[in-house]
Amino acid sequence: MNYLVKATPTGELSTLSAEERDELMAREREVATALIGSGTIAWLWRLPDSGTSVGIWNAESPEALDASLRTLPIFRYHSIEITALAAHPAFPTSLRATAGAA
């Protein structure tokens, strides 16, 4: 199942020292890269002029999604909004799949 995940930093992140933030973000990149490699994170964007990230995540269940999100070192420093996604009836197959067939 696909999920839209919006992660907005809380003020708590700003209480860390520069060294703590750098270390946290280095660990975050490692974990996120592994999640991308496994297909758990399908797409990821940053909203302009904010630290908010929006992504498409794949998980077998809400519990599996929660477990994946909790592996992120910065998880506790974000407010997370999750929306389950379903295929739209006008686009029952991936636009990528149909574009590749043309």
Side-chain angles (χ1 to χ4, degrees):
M1 178 156 211
N2 292 317
Y3 298 89
L4 176 67
V5 177
K6 181 179 179 184
T8 302
T10 63
E12 189 179 353
L13 189 59
S14 65
T15 65
L16 299 176
S17 70
E19 183 179 316
E20 289 171 320
R21 273 194 308 277
D22 289 348
E23 184 179 306
L24 183 72
M25 294 313 294
R27 290 193 337 260
E28 180 74 9
R29 278 188 293 280
E30 289 175 14
V31 173
T33 299
L35 290 169
I36 291 166
S38 72
T40 301
I41 299 175
W43 292 96
L44 195 58
W45 298 269
R46 175 67 48 94
L47 298 182
D49 301 322
S50 78
T52 298
S53 296
V54 178
I56 304 296
W57 289 59
N58 297 307
E60 292 186 20
S61 67
E63 295 80 16
L65 175 64
D66 184 64
S68 292
L69 286 166
R70 289 180 183 279
T71 67
L72 295 169
I74 63 168
F75 175 79
R76 64 176 280 209
Y77 299 102
H78 283 74
S79 169
I80 308 289
E81 295 176 41
I82 299 169
T83 305
L85 300 173
H88 192 285
F91 296 97
T93 58
S94 166
L95 292 176
R96 274 192 182 168
T98 57

All side-chain contact (heavy atoms from CB on, under 4.5 Å) counterparts of [X], not counting sequence neighbours:
X: T33; answer: none
X: E12; answer: T10, T15, R76, Y77
X: S61; answer: E63, A64
X: N2; answer: I56, N58, L85

Study note, to complete from the structure: Residues passing the salt bridge (charged side-chain N to carboxylate O under 4.0 Å, His left out) test with E20, sequence neighbours excluded, are none
Check your understanding: Of all residues at least two apart in sequence or in a different chain, which pass the salt bridge (charged side-chain N to carboxylate O under 4.0 Å, His left out) check with R29?
Key -> none
Are [Y] and [X] co-members of a hydrophobic cluster defined by side-chain heavy atoms under 4.5 Å apart?
X: V54; Y: M1; answer: no
X: V31; Y: Y3; answer: yes
X: L65; Y: L72; answer: yes

Using the test side-chain hydrogen bond (donor to acceptor under 3.5 Å, both in side chains), find all partners of [X] that sit at least two apart in sequence or belong to another chain.
X: T40; value: S38
X: T52; value: T8
X: E60; value: none
X: D66; value: R70

Once rounded to the nearest 0.5 Å, what's the spacing between atom [atom1] of [X] and atom [atom2] of [Y]?
X: L16; Y: L24; atom1: CG; atom2: CG; answer: 6.5 Å
X: R27; Y: E23; atom1: CZ; atom2: CD; answer: 5.5 Å
X: L35; Y: T71; atom1: CG; atom2: OG1; answer: 4.5 Å
X: L44; Y: W57; atom1: CG; atom2: CH2; answer: 8.0 Å
X: L4; Y: E81; atom1: CG; atom2: CD; answer: 9.0 Å

**Study point:** pair S53-W45: side-chain heavy atoms closer than 4.5 Å
**Key:** no
Point to revise | Non-hydrogen side-chain atoms of I41 and V5 separated by less than 4.5 Å | key: no
Point to revise | K6/I80 under side-chain contact (heavy atoms from CB on, under 4.5 Å): CA gap, chis, key distance, verdict | key: CA-CA 6 Å; K6 181 179 179 184; I80 308 289; over 6 Å; no
Exercise for review: For M25 and I74, work out which heavy atoms get closest and say how close.
Suggested key: SD-CG2, 3.8 Å
